[in-house]
Structure formats: structure tokens, C-alpha cells
Amino acid sequence: MNQEPELATEEQDLPEQIAIRLAKRERILASGHEAYPVSLAITSTIEDVRLKYPELEVDVATGETVGIAGRVMFQRNTGKLCFATLQSGLGARIQIMLSLDKVGEENLELYKELVDLGDHLFVSGEVITSKRGELSILVASWTMAAKTLRPLPNLHNDLGEEYRVRHRYVDLIVRDRAREVVQIRSKVMQSLRKTFTEDNFIEVETPMLQTIHGGASARPFKTHSNAFDTELFLRIAPELFLKRAVVGGIDRVYEINRNFRNEGADRTHSPEFAMLEAYEAYGDYNTMAKLTQALIQNAAMDCFGTLRVELEDGEVNDLSGDWARVSMFESLSLACGQEITPQTDIAVLKKLAEKEGLEIDHPQHGKYVEELWEHFVKGDLQQPTFVMDFPVDTSPLVRNHRSKPGVVEKWDLYIRGYEQATGYSELVDPVIQRERFVEQVKLAAAGDPEAMKLDEEFLKALEFGMPPTGGLGLGIDRLLMSLTGLGIRETIMFPLVK
RNA sequence: GCGCUUCUAGCUCAAUCGGCAGAGCAACUGACUCUUAAUCAGUGGGUUCCGGGUUCGAUUCCCGGGGAGCGCACCA
């Protein structure tokens, strides 16, 4: 990666184009004008003008004078008549025209000398159409609204991936899709909150800095508090705090916030990612499945007005109807050609895993089952599918199944081959929860870096009585991926870069 | 963390076998009162990611470092 030039260095060291723009800024100031004025007499947005005059005839004058601001995206200067295209933050464009007989020789020359591509410009003038029919502002006066010191990239090639991520603000200026994704993300968040509000859930915020990290199996980021002189962890999940809220009587509660996991990054994983978790007292994993489907379907409808969402590559993600449910053990048995149950001997699982060439890190019964399931079944789940009833030993925070021995009431929702959400009938029995934690501690002692810690304060909360509760976790970034077909780094405005 | 690929002008990309580092857009100078990525003529712009090595000569080959992309591993 190139070293970026810094403006503080001597002018001669600067790239030509920056030096020239700095000089133009000086000329503006020297002539008694401002390069970055504090306020402008704006009367309309570019969008307003376009909306008001959707279809004017060729070469008309409306008689209406407007003051608008926008960024210069194209310039077409002739000797005595100059054209430019101004763009709003949302990407709307309008043409401006400066003619010699309207603004005078001095103003026209200054304009040609001082205005560059990328500058923010304010113009005041009449709304007209040109002789070619283009909706335009015939400029009576113009002022610099904000001088750009760096040149805009070439607008006729796609920006490189790295440049887009490191200079997202430029990406947002020059690429419609970049702006769209930001809009979609915002609409999705609004839609999720609307669904929750209509269902009487309330939104809370729980700690991101935690003394004990819990609620998921993952490696945390560590940090340190000077004031408390103690090691702290960035949260890997809000679960244990949201459950405390349910103990306290906040029966329908959700949080949308960032989680941090100190693990690999790829097309579907980011070190910090937005997570939605929700808990419903007197619900269970069935009610949470229903809620999850509603959240996602409402989001698709609110964003696109359809449940058949067209993705980046032109494929359609069909989110309509009631989503399929399959049992983990049954779908695995079917796919691998032999019956696998929670009672299947671990030696059988081990043999099957070896035959398939799977290497498994911290082998337990449930770990084998999940790995085998991912190997045999996962990739085939393109349509939204709830995978039901997981092994006990890999789900330490979930209640045992009400009728099937050896499994817990947990589902994972798969869309387009990756995990989109998970739902539980939460484990609320403090005695069993303590036993499960003890198991995790043993795993940690045996070297599993993702095993959970025993959280005494959380257990104490459960000992005050937690009602039967359904819980769900849903990855926001991944929902955006499902709705757009983009990679996770394109759904996050400023993903982590080194 | 491991493997493969990649890094050249402000941006997007070329450069034969190791032989003067180029194009388009952008910039600069000039012309042009209806352009739409305006057009026409001309000009300038490079620590070829960084540091070493081989060589008469390195963008090119070798070693080390850094960034990025892809695959694997881990994970959601």
C-alpha cells in the first residue's frame, strides 16, 4: 500500500493535483471569499427540484429561482458557456449552466479557474431546461461551498476493492450501490425495531465491557481497565445480561448491538459484527422461530416490497411462505446413509468422521454430530430452513428437549448455506445450568479455548427464578447479506482494515 | 495461523526474454455560448509497497518485511 501524502508537508512534495487545489483555495481566500463558508442560502434540494419539474419541454424557463448546493461530478466548459453536474448526498443530480451574459466575464473566469471536480458548490439561479431538454439551473451567482483538495477518482472505472473499503466516503460519493446498501441497512434496522415494538418488546443496552465473557463459544478480545485495574473482555454475546433482565421482569426484551470475536475473518465473518438478541418470557424455541421468520420477512417487505429478493448476482432469494424445519439427527442420518441418534456410540461417530476425512479438535459426542452434519447437510440448505434439536453437550445454555432424550430445544436458521440465526428454549434451572458450566470448565481445563467460564453472578440471578423463556440471536450483517447477496465487508460501512 | 496470487501516476490498468516506465480518465496551457464521460490542439506528472541481494543493467529474478485478495483452519 502506498504511503498517503500528508497535506502538512511542503507544497513541493505534494502530488501535483493537491498542490494546485491548495493554491486555488488560497486564491479564494485572498480574494476575500470563503472556501468553506458557514452557511448558504439554500432554498431547495436537488431532489426537490427534480421532483417539482419531472417533465419540462425543451428550452423552457420556469421563472422560479432556487438556491441549491451539491458536489461537482462533471464539468463541461466551453468558451462562454459552462455546464456542470451537481450531485446531492443521496446521489440525485442536476445540471447547472453558467453563461457569460448571465454572470459576467469576471465571474465566469473565476469559476473556470477555481472550481474543480469534487468541489461542493452553491448556486442561485432560475430553473430552466437547456436546448437539449436537460433540467438545469441557469446560474445567476455561485459560491464555493467547500473546496476539495484531493481529486475524485476516475468515474468511469470501478474502484479497486481495497480503495473502496479504505476510502468508503469516496466510494459513497461515486458508487450508487454503496449508497443503496447504507439505505437498505438503515431500513432493515427500522423494520426490525418496528416488528419488535408492535410485538411489545422493549430495547435495552447491556455491557460490552465484561469481567467474564459468556453467552457463546468464542475467543474474546481482552482489554484492561485502568480505573478498576482489572482485565476486561469485549463481549462475545449479550445473552447472560439479557437473561438477567428477564429475571428482573423485563419479559419481552431485545438488544441490537455489536459483538466482538477474536477469530478469523472471511466472506461471512467479521471481528466485530452486529447482533440482535431477543428473549420472550413464556415463549419457547417454537415461538422464537415464528418471531424470527416475521422479523426477516417484514424486513424484506419493508425494504423491497417483496419476499422474493433479487441479489447482487441476479439470483433470487425466496423468503416467502412458512420456512421448512428439519431435525438435525434425522437430516444427518438421511444424508450419511446410517442412523445417527444421541445414543449412537461415539466410536461409530469417530469412525464415520475419519472415513470422511474430518479432523475434529475437541471431540465430544455432540461435536462429532455437528461436524458431521455440517459436512453432509449444511451446504444444501439454500432455502430458509430451521435445523431443529441439537446435541446437549455443545449447547450449555439450552433446555433439554421436552420429549426427545439427548437433545436440546435449539434451532439454527440456515439461509443460502450459512447460519443466519439461532433460537432456544432457554435453560432456566439454576442447578442444571451450574452442572453445564462445570462441564465447560472441564473442557477449558482440557485446552478448549472457546469453552465458557463459570459465571457465578449469572447463576445467582437464575437462582432468583427465571420464567420459562424463548431466546433468539440473529446476525444483522448476515441478514443484510441474505437481502443483498453481498459479502459481509460490503454490508458494513467501515469494516476493520489494518 | 498455513498455502497460493497480488502491489506500477490522483483513479483504473499496460509494460515481450532482465534493456529509455506507458495508456485512458483526472491535472495544466490554449480554443470553443447548448454540453451530457463535451470536443479539439499541446504540456507536465513515477521512491514501480519497503529493505537487501544477483547483474553492465531489476517494475521484471532471488531473500526478508508490510498491505490486500482467494483457498484451508477456526468461528456466527
Side-chain angles (χ1 to χ4, degrees), chain A residues 1-5 13-21 23-24 58-59 73-85 93-103 108 112-113 116-118 128-136 138 148-167 170-171 174 215-220 236-237 259-277 358-362 370-371 374 412-414 418-422 448-450 473-479 481 487-489 497-498:
Chain A
M1 191 62 199
N2 292 333
Q3 288 286 311
E4 289 279 330
D13 296 340
L14 290 174
E16 175 196 33
Q17 301 198 38
I18 292 179
I20 288 166
R21 283 159 186 252
K24 290 181 181 177
V58 167
D59 205 8
M73 299 303 283
F74 300 106
Q75 287 191 109
R76 298 171 293 278
N77 292 349
T78 70
K80 301 186 180 65
L81 181 64
C82 297
F83 301 86
T85 304
R93 290 178 177 178
I94 196 163
Q95 176 167 279
I96 62 166
M97 295 166 64
L98 287 90
S99 76
L100 176 64
D101 43 294
K102 196 80 190 171
V103 299
L108 190 67
K112 282 200 271 191
E113 276 178 33
D116 288 308
L117 290 182
I128 63 159
T129 54
S130 70
K131 286 179 182 165
R132 294 288 158 83
E134 182 77 27
L135 185 65
S136 310
L138 182 58
T148 308
L149 298 183
R150 292 179 188 267
L152 238 37
N154 153 13
L155 297 174
H156 320 303
N157 295 99
D158 289 339
L159 287 173
E161 162 78 21
E162 187 174 2
Y163 190 93
R164 290 211 314 248
V165 171
R166 286 188 189 272
H167 304 81
V170 177
D171 190 30
V174 304
S217 302
R219 301 183 197 197
I236 56 174
N259 289 346
F260 305 87
R261 298 192 185 174
N262 205 345
E263 290 160 352
D266 60 29
R267 199 181 157 73
T268 60
H269 296 84
S270 173
E272 63 174 312
F273 61 102
M275 187 74 181
L276 158 63
E277 284 200 15
L358 298 176
E359 282 179 32
I360 292 170
D361 266 357
H362 297 278
E370 287 191 16
E371 294 280 346
E374 283 184 15
D412 273 357
L413 172 63
Y414 279 80
Y418 56 84
E419 193 179 340
Q420 171 68 74
T422 187
D448 185 343
E450 289 156 18
L474 186 156
I476 300 289
D477 315 288
R478 289 195 170 181
L479 178 55
M481 293 168 64
I488 199 165
R489 284 160 62 86
V497 278
K498 226 166 148 182

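Residue numbers begin at 1 in each chain, while the letters A, B, ... track the order of the sequences. From a predicted model like this one, the values you see are computed outputs, not experimental measurements.
B:C7 and B:U48: their C1' atoms are spaced 9 Å apart (whole Å). Comparing the P positions of B:C17 and B:G69 gives an interatomic distance of 30 Å, to the nearest angstrom. Taking atom C1' in both B:A58 and B:A21, one finds a spacing of 12 Å when rounded to whole Å. For the C1' atom pair drawn from B:C50 and B:U6, the interatomic distance equals 16 Å after rounding to whole Å. Taking the P atom of each, B:A14 and B:C34 are spaced 40 Å apart, rounded to whole Å. Taking atom P on both B:A26 and B:C11, the two are 15 Å apart, rounded to the nearest angstrom. Here the separation of B:C28 from B:U54, taken at their C1' atoms, is 42 Å to the nearest Å. Taking the C1' atom of each, B:G3 and B:A76 are spaced 25 Å apart, rounded to whole Å.
Using a 4.0 Å heavy-atom criterion, one finds that A:G475 contacts no nucleic acid atom at all. Nucleic acid contact for A:M275: none, since no nucleic acid atom lies under 4.0 Å from a heavy atom of the residue. Across all strands, A:G160 comes closer than 4.0 Å only to sugar-phosphate atoms, never to a base (heavy-atom distances). Residue-level contact check: A:T422 touches neither bases nor backbone, having no heavy atom under 4.0 Å from any strand. In this structure, A:D477 reaches neither bases nor backbone, as no heavy-atom distance under 4.0 Å exists between it and the strands shown. Within the 4.0 angstrom heavy-atom criterion, base atoms lie near A:T268.
The interatomic distance linking A:D266 (CG) with B:G1 (C1') rounds to 14 Å, in whole Å. Distance A:E162 CD to B:G69 C1': 9 Å, rounded to the nearest Å. One interatomic measurement links the two molecules: CG of A:D59 to C1' of B:U33, which rounds to 13 Å at whole-angstrom precision. Rounded to an integer number of Å, the gap from A:L159 CG to B:C13 P is 9 Å.
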Item to check | From CA spacing to verdict: side-chain contact (heavy atoms from CB on, under 4.5 Å), A:D171, A:H167 | outcome: CA-CA 6 Å; A:D171 190 30; A:H167 304 81; over 6 Å; no
Next on the checklist: Using side-chain contact (heavy atoms from CB on, under 4.5 Å), reason through A:L152 and A:M73 one step at a time and then give a plain yes or no.
Outcome noted: CA-CA 9 Å; A:L152 238 37; A:M73 299 303 283; 4.1 Å; yes
Item to check | side-chain contact (heavy atoms from CB on, under 4.5 Å) between A:F273 and A:R261, worked out | outcome: CA-CA 8 Å; A:F273 61 102; A:R261 298 192 185 174; 3.6 Å; yes
Next on the checklist: Let's go through A:S136 and A:Q95 carefully: what are the C-alpha distance in whole Å and the side-chain angles of both, what is the deciding distance for side-chain hydrogen bond (donor to acceptor under 3.5 Å, both in side chains) to 0.1 Å, and is it a yes or a no?
Outcome noted: CA-CA 5 Å; A:S136 310; A:Q95 176 167 279; 3.1 Å; yes
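A donor-acceptor pair is defined here as one N or O able to donate and one able to accept, closer than 3.5 Å; no such pair exists between the side chain of A:Q75 and the backbone of A:D116. The backbone N or O of A:G475 lies less than 3.5 Å from a partner atom in the side chain of A:Q420, making a donor-acceptor pair.
The nearest heavy atom of RNA chain B to A:F74 and to A:D101 marks one nucleotide each, and the one closer to the 5' end goes with A:D101.
For A:K498, whose side chain is taken as the heavy atoms from C-beta onward, the closest listed nucleotide among B:C74, B:G67, B:C34 is B:G67. Nearest to the side-chain atoms of A:P15 among the listed nucleotides B:G69, B:G10, B:C34 stands B:G10. Checking B:A73, B:A76, B:C34 against every side-chain atom of A:K131, the shortest atom distance belongs to B:C34. Out of B:A68, B:C74, B:C34, the shortest distance to the side chain of A:S130 is found at B:C34.
Note that the NZ atom of A:K24 and the CD1 atom of A:I20 stand 7.0 Å from one another [nearest 0.5 Å]. Within the model, atoms OG1 of A:T78 and NZ of A:K112 stand 6.5 Å from one another, a figure rounded to the nearest 0.5 Å.
Contact annotation: A:R489 reaches the phosphate of B:G69 (side-chain N/O to OP1 or OP2, under 4.0 Å).
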Using the 3.5 Å cut-off, write out each protein N or O paired with an N or O of nucleotides 30-32 of chain B and the distance between them.
from	atom 1	to	atom 2	distance (Å)
B:C32	N3	A:G79	N	3.4

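Looking at residues two or more places apart in sequence or on another chain, you find a salt bridge (Lys or Arg N to Asp or Glu O under 4.0 Å) between A:E272 and A:R258. By the salt bridge (Lys or Arg N to Asp or Glu O under 4.0 Å) test, A:R76 pairs with no residue at all, sequence neighbours left out. Scored by the salt bridge (Lys or Arg N to Asp or Glu O under 4.0 Å) test, A:D412 finds no partners at all (sequence neighbours excluded).
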Checklist outcome for this item: Under the rule of Watson-Crick or G-U wobble with both distances under 3.5 Å, where | means paired to another strand and [ ] a crossing pair, RNA chain B maps to (((((((..((((.....[..)))).(((((.......))))).....(((((..]....))))))))))))....
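Remark: A:D158 CG is loosely packed, at most 12 non-hydrogen atoms of other residues, nucleotides or ligands lying under 6.0 Å away.
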Next on the checklist: Return a single string for nucleotides 21-28 of chain B, one symbol per nucleotide in 5' to 3' order, where B is base contact, S is sugar-phosphate-only contact and - is none, cutoff 4.0 angstrom on heavy atoms.
Outcome noted: ---BBBBS
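The aromatic ring of A:F273 stacks onto the base of B:A76, its centre lying under 5.5 Å from the centre of the six-membered base ring with the two planes under 30° apart.
The shortest non-hydrogen separation linking A:F74 to A:L155 is CE2-CD1, 3.6 Å.
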